Amino acid sequence: MEMPYRRLGKSGVKVSALSFGAWVTFGKQIGTTVADDLLHAAYEAGVNFFDNAEAYADGKAEEMMGEVLKRAGWRRSSFLVSSKVFFGSVGEGPTEIGLSRKHVFDACHAALKRLQVDYLDFYLCHRPDPETPIEETARAMHDLVAQGKVLYWGTSEWSAAQIEEAHAVCSRLNLHPPTMEQPQYNLFHRSRVEKEFAPLYKTYGMGTTIWSPLASGLLTGKYNQGIPSGSRLDVPGLEWLRDQLLGPTGKAKIDAVQKLSAVAKELGVTLPQLAIAWCLKNENVSTVILGASRVEQLKENLRALEALPLLTADVLRQIERITKAHAE
Ligand code: NDP
């Protein structure tokens, strides 16, 4: 099935409905050959947006992606690439993290170098920074846009109130406003995208580039019988994620995953395909960022597009019944 493209909110830029990101995999779990294969498989399937961040593997994810992009030699005009600022990459000194003008500028220049591009299509504030006024960050982003180093800026995991404040500041000072928010969105994590942000889509024309559509793999069924070695929840340093996903609510979620698998089987698709297609059903989702540590996973997930027409109102009701009690 042909890749559909969606407008990023009210902006004119068109993003592939499925995109591809580097968290945990690039610079950590995978080597250059797999990174090459993943990006090529994505691009060949029509993916035009690659997501990254200064913090992913302390900058190594951007370096790896930059090398692949350079080797691939694709027209720069044919793809979109992002970076995110907040957590830092090379150090944790007071000037090397957060959303101050200082760090936003330094991090942008470092990302451009690592990714080997002249400009970032999307540049996002990876988290809100309570120690920097939103006005300072918005001005820094505006200036980067004015300098041509960034085309569109956005936020990630900001509250509706913080996003509204950013828009108010930009409107008052005539600055380029944020174009997108990057929130977590999947069958177990819905309320911010569906409820808290509901008034924002029309008011500000906000787009969303959503992350962890498979809840880090929980929605593939791979954790139903424990933690397979080599899987994300087995990666050293990600114990916090394991606790988050398989902690007190883990058992109930795995029960739901098993029931969802039965629905997927009935439809003749795989569980990841069902879970990703479900995200795409939400018209306020501009793009679903996929993650994969193997090419076979990515190829399977890209075929979620084929599951989309199978999600009838009746199927959506079944999914709702199974997941309602477990969704945050
Ligand atoms: P998912 O929830 O889809 O998890 C992806 C992981 O699940 C893969 O790396 C793989 O892990 C496993 N997996 C995927 N497909 C399959 C399959 N078919 N069968 C078995 N296992 C599978 O997405 P991510 O959490 O990776 O998020 C996607 C992107 O979103 C990131 O790469 C990043 O760019 C962005 N992101 C942004 C955040 C933010 O704060 N703004 C936070 C997190 C992500 P494994 O094989 O290792 O088990």
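Keep in mind that this is a model prediction, so the values were computed, not measured. First listed ligand is number 1; within each ligand, the first listed atom is number 1.
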K.L.:
Taking non-hydrogen atoms within less than 4.0 Å of ligand 1, which protein residues qualify?
P.N.:
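Lining ligand 1: G21, A22, W23, T25, Q29, D51, Y56, K84, H126, R127, S156, Q182, W211, S212, P213, L214, A215, S216, G217, T220, K222, Y223, S231, R232, P272, I289, L290, G291, A292, S293, Q297, E300, N301.
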K.L.:
Please confirm whether the ring centroid of W74 lies under 6.0 Å from the ring centroid of Y43.
P.N.:
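When the ring centroids of W74 and Y43 are compared, they turn out to be within the sub-6.0 Å range.
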K.L.:
Whether R76 engages the ring of F79 as a cation-pi pair (distance to the six-membered ring centre under 6.0 angstrom, angle to the ring normal within 45°) should be assessed.
P.N.:
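Pair R76/F79 counts as cation-pi.
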K.L.:
Applying the side chain to side chain contact (heavy atoms under 4.5 Å, CB included) criterion to M141, which one of C108, C125, C170, P177 satisfies it?
P.N.:
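Only one option passes, and that is C125.
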K.L.:
Measure the CG-CG distance between L219 and L214 for me, rounded to the nearest 0.5 Å.
P.N.:
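The distance works out to 6.0 Å.
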K.L.:
Could you check, using the six-membered ring where one of them is a Trp, whether Y56 and H126 have ring centers closer than 6.0 angstrom?
P.N.:
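Yes, ring centres under 6.0 Å apart.
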K.L.:
Between W158 and F197, is the gap from one ring center to the other below 6.0 Å?
P.N.:
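Not under 6.0 Å, so no.
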